[in-house]
Undergrad: 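One structure, pasted below without further comment.
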Amino acid sequence: MSLTREDVTYVANLARLEFTPDEVTALIDKMGAVLDYAETLSELDTSTVKATEHVLAVQNVFREDVPKPCLSNEQALANAPESEAGCFKVPRVME
Amino acid sequence: MEYEMVIGMEIHVELGTRTKIFCSCPTKFGQEENTHTCPVCLGMPGVLPVLNEKVVEYATRAGLALNCEIAHFSKMDRKNYFYPDLPKAYQTSQFDLPICTGGVVEIEVDGVKKDIGITRIHIEEDAGKLLHESADGTLVDVNRCGVPLVEIVTEPDLRSAEEARTFAEKVRNIMEYTGVSDCKMQEGSMRFDVNISMREKGVTVLGTRTEMKNLNSFRALIRAVQYESKRQIIELKKGHKIVQETRKWDDTKGVSASLRSKEEAQDYRYFPEPDLVPIVIEKEYIEKIKRELPELPEAKKQRYIDEYKLPEYDAGVLTATGVTARFFEEAVVLYDEPKQISNWIMVEIPPLLKEKEITMENIPIAPVQLAELLKLVKENVINGTSGKEVLKEMFNTGKNPGEIVKEKGLAQMSDTAELEAIIEKIVADNPKSVEDIGTGNEKAYGFLTGKVMKETKGKANPQVANKIIREVVAKHLG
């Protein structure tokens, strides 16, 4: 499957990945190969097969609406690279 | 050239479950930041979400109340986007198989009834809250992350700001009535997104639309629609094309501004959520929820007219919110004078609420207290004017009406002896009035009654006072 530079940079942007022009050139072929491989599935006639909504033949797994103890504020923030005033701190987001 | 406005809405309603949609953290509002979280809603790797059964029940109820079809089979999907209010970098929502489809809500604006189509209702998780208080970054509170929402999506059937507001209010009332949400606007329990486009009158093709997100009050909704429709008309008249984009409404400044254009439009890359299994709803379950549905606003209004013989206006006001209707119904059980109760709820209570800057939800008096107060008026223990004073005092102190009447000495003087003494004196002091009455001037009675009321600070029972005045005057005229 042939991809364009725009296809690659578009997907890269969605994944918040930055590539040099050379890397983009290389990815055109690499991503194309991955998609080609997936494309082999299209050889099968699936016109009579029902769409798979889920791989498990299980449905209706529910929880009762009963509260359980939460993590403490300290525990919740334990993995945060940065925190302030009991909150996770992230780079400034424009409102 | 005349333009027509076309509006479609998306309404987000937070469900009133005790716990979040996929974990057992409480949904309580206004708690200390990041104290209602667990590995699931924090988006830790390797955790497994499990759907809250109440979410399915409430969504089914909401769907039935809005006349939707409930899907036999629905599933959850991942909606991918990077924003720090979502620790997982995706929102668990529903894409192609929502839990409800194809509903309808009837609205009435300026006496014209109209059906507004509901395209779908799906369930999803709310995002966290971003706080912009830090000097060099943005702070994230994850407490709200995972609070269950239903998103109600309409057809582009609305044609004015007034229709949009009426529709939104109706949906809020229905959600409140069915008990699926407390619908507290000030706590963000209900938020609106509006899609607006303009087209020449008579044209059937839709114009290019813009979207405004997260309007959190009816006022903001109306103003945003009015502003955006005017802006689009001005652009169109200049011969400009409307750019399809998301705009942000600034309620303080009263303007909308471009947030992102279609070119930068989000590509959410929805895919089925592998961690959650499909939801299958059987007919019996739907029937059971249907049977348990409470009386909805429309039906209640009609019943108030039929059963309590209330004017349509009263019935409309009393059933406008579930809280007011409940208050009325509890009071009417204790005091069987529906029109009296209605008058006090519609006329006397609102200014007191306004003064305290609260709504019926937080009314400081109980229905039983209002019933008691009205009984005191009915039984002539106090007169209507004192009644209003007592009500105000009840609002301020929370005390029972009987207690206030006693404390403030507001009980009407029906003690004949005491009244007689006062009246004797007044009649003796006003021989001119007695003379006037003697010559047939009945108006002088009014003057004397006024004097008595003044003397007794309004506590005299008017009927009793009148009777005594007539007796005493008759005696004087001999």
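Below, chain A is the first sequence line, B the second, and so on; all start at residue 1.
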Undergrad: Any carboxylate oxygen within less than 4.0 angstrom of a Lys/Arg side-chain nitrogen, looking at B/Lys88 and B/Asp275?
TA: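 Looking at B/Lys88 and B/Asp275, the cut-off is not met.
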
Undergrad: Under the rule for salt bridge (Lys or Arg N to Asp or Glu O under 4.0 Å), what residues qualify as partners of B/Lys283, not counting sequence neighbours?
TA: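 Counting only residues at least two positions away or on another chain, B/Lys283 forms no salt bridge (Lys or Arg N to Asp or Glu O under 4.0 Å).
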
Undergrad: Which bit of B/Leu51 is near chain A, if near means a heavy-atom gap under 4.5 Å: side chain, backbone, both or neither?
TA: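 Both backbone and side chain.
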
Undergrad: Relative to chain A, which segment of B/Leu276 carries a heavy atom at a distance below 4.5 Å: side chain, backbone, both, or neither?
TA: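 Just the backbone, heavy atoms under 4.5 Å.
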
Undergrad: Report all side-chain donor-acceptor pairs from residues 13-22 of chain A shorter than 3.5 Å, counting only partners two or more places apart or in another chain.
TA:
unit_1  : atom_1 : unit_2  : atom_2 : d
A/Arg16 : NH1    : A/Asn13 : O      : 2.8
A/Thr20 : OG1    : A/Glu23 : N      : 3.2
A/Thr20 : OG1    : A/Glu23 : OE1    : 3.3

Undergrad: Check B/Asp141 with B/Lys129, please: is the shortest side-chain N to carboxylate O separation under 4.0 Å?
TA: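 No, B/Lys129 and B/Asp141 are not salt-bridged.
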
Undergrad: Testing the 3.5 Å rule here: is there a donor-acceptor pair between the side chains of A/Tyr10 and B/Asp267?
TA: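 Present: a donor and an acceptor within the cut-off.
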
Undergrad: In plain terms, say whether B/Glu228 and B/Arg247 are close enough for a salt bridge, that is, a side-chain N and a carboxylate O under 4.0 Å apart.
TA: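 Salt bridge flag = yes for B/Arg247 with B/Glu228.
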
Undergrad: Can you tell me which of B/Leu131, B/Thr17, B/Thr19, B/Thr37 forms the most heavy-atom pairs within a distance under 4.5 Å of chain A?
TA: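 Most heavy-atom pairs under 4.5 Å with chain A: B/Thr19.
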
Undergrad: Once salt bridge (Lys or Arg N to Asp or Glu O under 4.0 Å) is applied, do any residues pair with B/Glu273, and if so which ones, sequence neighbours excluded?
TA: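 Partners of B/Glu273 by the salt bridge (Lys or Arg N to Asp or Glu O under 4.0 Å) criterion, ordered by chain and then number, come out as B/Arg78.
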
Undergrad: Is it true that B/Lys288 and B/Glu284 have a side-chain N and a carboxylate O under 4.0 angstrom from each other?
TA: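 The answer is no: the pair does not qualify as a salt bridge.
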
Undergrad: Measuring heavy-atom distances to chain A, does B/Cys41 have an atom under 4.5 Å in its side chain, in its backbone, in both, or in neither?
TA: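 For B/Cys41, there is no contact with chain A at all, as no heavy atom is under 4.5 Å.
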
Undergrad: Check whether B/Ile21 gets within reach of chain A through its side chain, its backbone, both or neither, counting any heavy atom under 4.5 Å.
TA: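 Backbone only.
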
Undergrad: Does a side-chain N-to-carboxylate-O contact under 4.0 Å join A/Arg92 and B/Asp136?
TA: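 Looking at A/Arg92 and B/Asp136, the cut-off is not met.
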
Undergrad: Please state whether the side chain, the backbone, both or neither of B/Val142 comes within less than 4.5 Å of a heavy atom of chain A.
TA: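 Side chain only.
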
Undergrad: Do you know which of B/Cys23, B/Gly128, B/Pro272, B/Ala89 has the most heavy-atom pairs under 4.5 Å to chain A?
TA: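 When all of B/Cys23, B/Gly128, B/Pro272, B/Ala89 are compared, B/Cys23 has the most.
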
Undergrad: Heavy-atom distance under 4.5 Å to chain A: side chain of B/Pro278, backbone, both or neither?
TA: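 Both backbone and side chain of B/Pro278 come within 4.5 Å of chain A.
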
Undergrad: Can you check whether anything in residues 67-90 of chain A gets within less than 4.5 Å of chain B, heavy-atom wise, and list it by number?
TA: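 Residues in range: A/Pro67, A/Lys68, A/Cys70, A/Leu71, A/Ser72, A/Asn73, A/Ala76, A/Leu77, A/Asn79, A/Glu84, A/Ala85, A/Gly86, A/Cys87, A/Phe88, A/Lys89, A/Val90.
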
Undergrad: For A/Val55, is it the side chain, the backbone, both or neither that has a heavy atom under 4.5 Å from a heavy atom of chain B?
TA: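 No part of A/Val55 comes within 4.5 Å of chain B.
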
Undergrad: Return the minimal non-hydrogen interatomic distance between A/Val58 and B/Val277, and the atom names on each side.
TA: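 Where A/Val58 meets B/Val277 most closely, the heavy atoms are O-CB, 3.4 Å.
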
Undergrad: Given heavy-atom pairs under 4.5 angstrom as the criterion, report whether the side chain, backbone, both or neither of B/Pro87 touches chain A.
TA: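 No part of B/Pro87 comes within 4.5 Å of chain A.
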
Undergrad: Indicate yes or no: does B/Arg18 engage A/Asp65 in a salt bridge with an N to O separation below 4.0 Å.
TA: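 Salt bridge between B/Arg18 and A/Asp65, a charged N being under 4.0 Å from a carboxylate O: no.
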
Undergrad: Against chain A, label B/Phe22 side chain, backbone, both or neither, depending on which of its atoms sit under 4.5 Å from a heavy atom there.
TA: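 Contact with chain A is through the backbone of B/Phe22 alone.
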
